[in-house]
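Nothing here was measured: the structure is a model prediction, and the numbers come from that model. Just so we're on the same page: letters track the sequence lines, and every chain starts at 1. Side chains included, hydrogens not; waters and symmetry mates left out as well; all remaining heavy atoms used.
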Protein chains: 2
Amino acid sequence: MGGLMRRPTIMDIAKAAGVSKGAVSYALNGRPGVSEETRGRILAIARDLGWAPSSPARALSPGGRVGAIGLVVDRPAHSLGLEPFFMQLVSGIETELASSGVDLLLQVTEDMGAEIAAYRRWSAERRVDGVVMVDLRVDDPRVRLVEELPLPAVLLGGPEGVGSLPCLYTDDAGAMREVVHYLAALGHRRIVQVAGPEEFMHTRARVRAFLDAAEQAGLGEARSVYADYTGEAGTRTTRRLLATTDRPTALVYDNDLMAVAGLGVAREMGVGVPSQLSIVAWDDSVLCRLVRPSLTAIARDVISYGRQAALMLGAAIGGGSVENREASRGELYPRASTGPLSA
Amino acid sequence: MGGLMRRPTIMDIAKAAGVSKGAVSYALNGRPGVSEETRGRILAIARDLGWAPSSPARALSPGGRVGAIGLVVDRPAHSLGLEPFFMQLVSGIETELASSGVDLLLQVTEDMGAEIAAYRRWSAERRVDGVVMVDLRVDDPRVRLVEELPLPAVLLGGPEGVGSLPCLYTDDAGAMREVVHYLAALGHRRIVQVAGPEEFMHTRARVRAFLDAAEQAGLGEARSVYADYTGEAGTRTTRRLLATTDRPTALVYDNDLMAVAGLGVAREMGVGVPSQLSIVAWDDSVLCRLVRPSLTAIARDVISYGRQAALMLGAAIGGGSVENREASRGELYPRASTGPLSA
DNA sequence: ACAGAAAACTGAACCGGTTAAGCAGACGGC
DNA sequence: GCCGTCTGCTTAACCGGTTCAGTTTTCTGT
């Protein structure tokens, strides 16, 4: 059940050093108010005792931080496990937090209502100092909520629709244009985007960029269909698309999971990849490299994306006003799933 | 930067209700000491004010809980994103925690040293009330550490090597025997297990069960090779195994990621699945269903695994002594990747 | 009507830190 | 010699809850 020794407090240190607990606090926090000699003695005792500051006690002091930030991931649990994006993001956030001893609270919810409840509770109960929000939506109710809550936040997405909140955004439109031009250059004319949920802002941006770029490239028959990022949706949608008489010759998926599902369907239906169908996945991952043929993908540096988000949130928590930032754009990695039509 | 209104405290409620803060505390916690009428009034005021208890303040009181538990995942970040197991586990843990308002702290580390440091810090700083530990190792240093720390814990794994800590274990050996018998019944004689890292206890258990069952079934040439769960390891190992003259006719992978990688290699090398090679994956996931051919897999109910772990940890935190439990065993789901040899 | 007990509530201490205010002693300047 | 400042430390209040020990009020029994 664990050791019995009471955790040492600054009072224990004070007694051992023969000073008051105020002096100990000054010494431990590197503030003036104690002589260097006393400070050294106190630090040594603290080390010997294995003292560490009580996070709740710190948080309780006026102006104190709880030393934790929150992240809510609102995706169906079974699809989530497969999206490397989130774990990578978590990983990136944590590398940044590690140095400052800040922890990450992760919550997986099944709907937006639960997500909103989580922010409310975290703020009201003082569980976190701030939150990173992902999957920005059109008219996102979270934006207004968090704006009026005492809860610093950084949005991943935007820069439109973020209200007064600082955001970290990527040039999805630019990356999408690159994809379309690449496919056009390979000779594809009937291309379809299997997009994410319509309510996501980044879906909007990508769809618009896809259609615009296609039109500009003279690909009249381009269109986008919405799906929900799950493998099932990828399967269903692809099956439908490939069953038409004038089936598309290239498909662009908004996440890797749907792309892999699509690849499976093509194989099942006897449609050769890339000989008869090219496939591009958004968000690269080991997954794209593991399947055969390996998938051409848009890769972004999600780890550094997470790090930057954590950095910005740290600044926002610190109280400064934070500038919006643009993260590095995704790059296209051509692999075996794309090519010119043959036969 | 967020609303300006100060968070309401029980003192605010006390003033509004014209009682002392002690009375408010009794009322809010459903304890005797206030009349039903006063209690009702206080609750109404609390609701109107949008009051919620300050987590740090609660934790600070003698015997107070911080209302959070921790989970450290010690896997390389890039492979991790793909293992549905962890997200499912997180998801399961959280469904159990949700009702009691307990939060989950997630930390992703790159090595065991960092993991141990995390437990130390969490315990010393009172960040969590307890932890769930996964991937139990042979002579696991975490066991002794956590035993002597004031830090309730539940281990996923065992029941050997868990010291005095409560654990939740699965009958991996039984499931493995089922796999071997299934393959033997299909006529396979040269089977190889691509196992996880040797230092994991569950790897040991599975390897032993695999070899024992194979011998019992008269499959003299069965053997196990260790890998590290990453796609790269799956690729490399499979390539090596399939390049031998007497190549195996069936491979059993210890996780889904390596299995998918193996499938890719087989395809690349022109080895038909399942006509010339059968593949079984441990831990089912959407991934196994998405690739073609779909992978035969051992599926466990990871969500309920997580829930049970959370439940046990809750009991351990509560102070009771917790019985070890056996979680439901994984079941074999035969799909398209296994079959008798043809040709 | 009044003692005694139970119910309702108050006041204060406590958890473990931070920090403003106060105070004694050393030092420097003139 | 005295005044003022600086250093080094102590005291005490505060954060927002919980809880124990009392105190007052109300109920009960005879």
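Contact annotation for B/Ala52: backbone-only contact, meaning every heavy-atom pair under 4.0 Å involves sugar-phosphate atoms and none involves a base. B/Arg31 comes within 4.0 angstrom of sugar-phosphate atoms only, judged by non-hydrogen atoms across all strands, and of no base. If you check every strand for non-hydrogen atoms under 4.0 Å, A/Ser20 touches a base. Within the 4.0 angstrom heavy-atom criterion, only backbone atoms of the sugar-phosphate kind lie near B/Ser35; the bases stay farther away. Nucleic acid contact class of A/Ser54 (heavy atoms, under 4.0 Å, all strands): sugar-phosphate only.
Taking atom CE of B/Met11 as the reference point, atom P of D/dC15 lies 10 Å away to the nearest angstrom. To the nearest angstrom, C1' of D/dC14 lies 12 Å from CG of B/Leu60. Atom-to-atom, NZ of A/Lys21 to C1' of D/dC15 comes out at 12 Å; the value is rounded to the nearest Å. Atom P of nucleotide D/dT19 and atom CZ of B/Arg65 are separated by 11 Å, given to the nearest angstrom.
Looking at the side chain of B/Ile10, the nearest of the listed nucleotides D/dG17, C/dT19, D/dG8 is D/dG17. Comparing C/dT10, D/dG17, C/dT18 by their nearest atom to the side chain of A/Asn29 picks out C/dT18. Of the candidates D/dT10, C/dT10, C/dT19, D/dT10 carries the atom nearest the A/Val19 side chain, counting heavy atoms from C-beta on. Taking every side-chain heavy atom of B/Ala57 into account, D/dG16 is the closest of D/dG16, D/dC9, C/dT10.
Taking only distance into account, the side chain of B/Tyr26 never meets the base of C/dA7 through a donor-acceptor pair shorter than 3.5 Å.
The phosphate of D/dT18 (OP1 or OP2) has no side-chain N or O of B/Ser61 nearer than 4.0 angstrom.
We find that B/Arg144 and B/Glu147 are not joined by a salt bridge, their nearest charged nitrogen and carboxylate oxygen being 4.0 Å or further apart. Between A/Asp74 and A/Arg142 there is no salt bridge, since no side-chain N of the basic residue sits under 4.0 Å from a carboxylate O of the acidic one.
Here the closest non-hydrogen pair linking B/Gly306 and B/Ile93 is O-CG1, 3.5 Å.
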Problem set entry | Derivation and outcome, side-chain contact (heavy atoms from CB on, under 4.5 Å), residues A/Trp122 and B/Asp103 | CA-CA 9 Å; A/Trp122 279 349; B/Asp103 280 305; 3.1 Å; yes
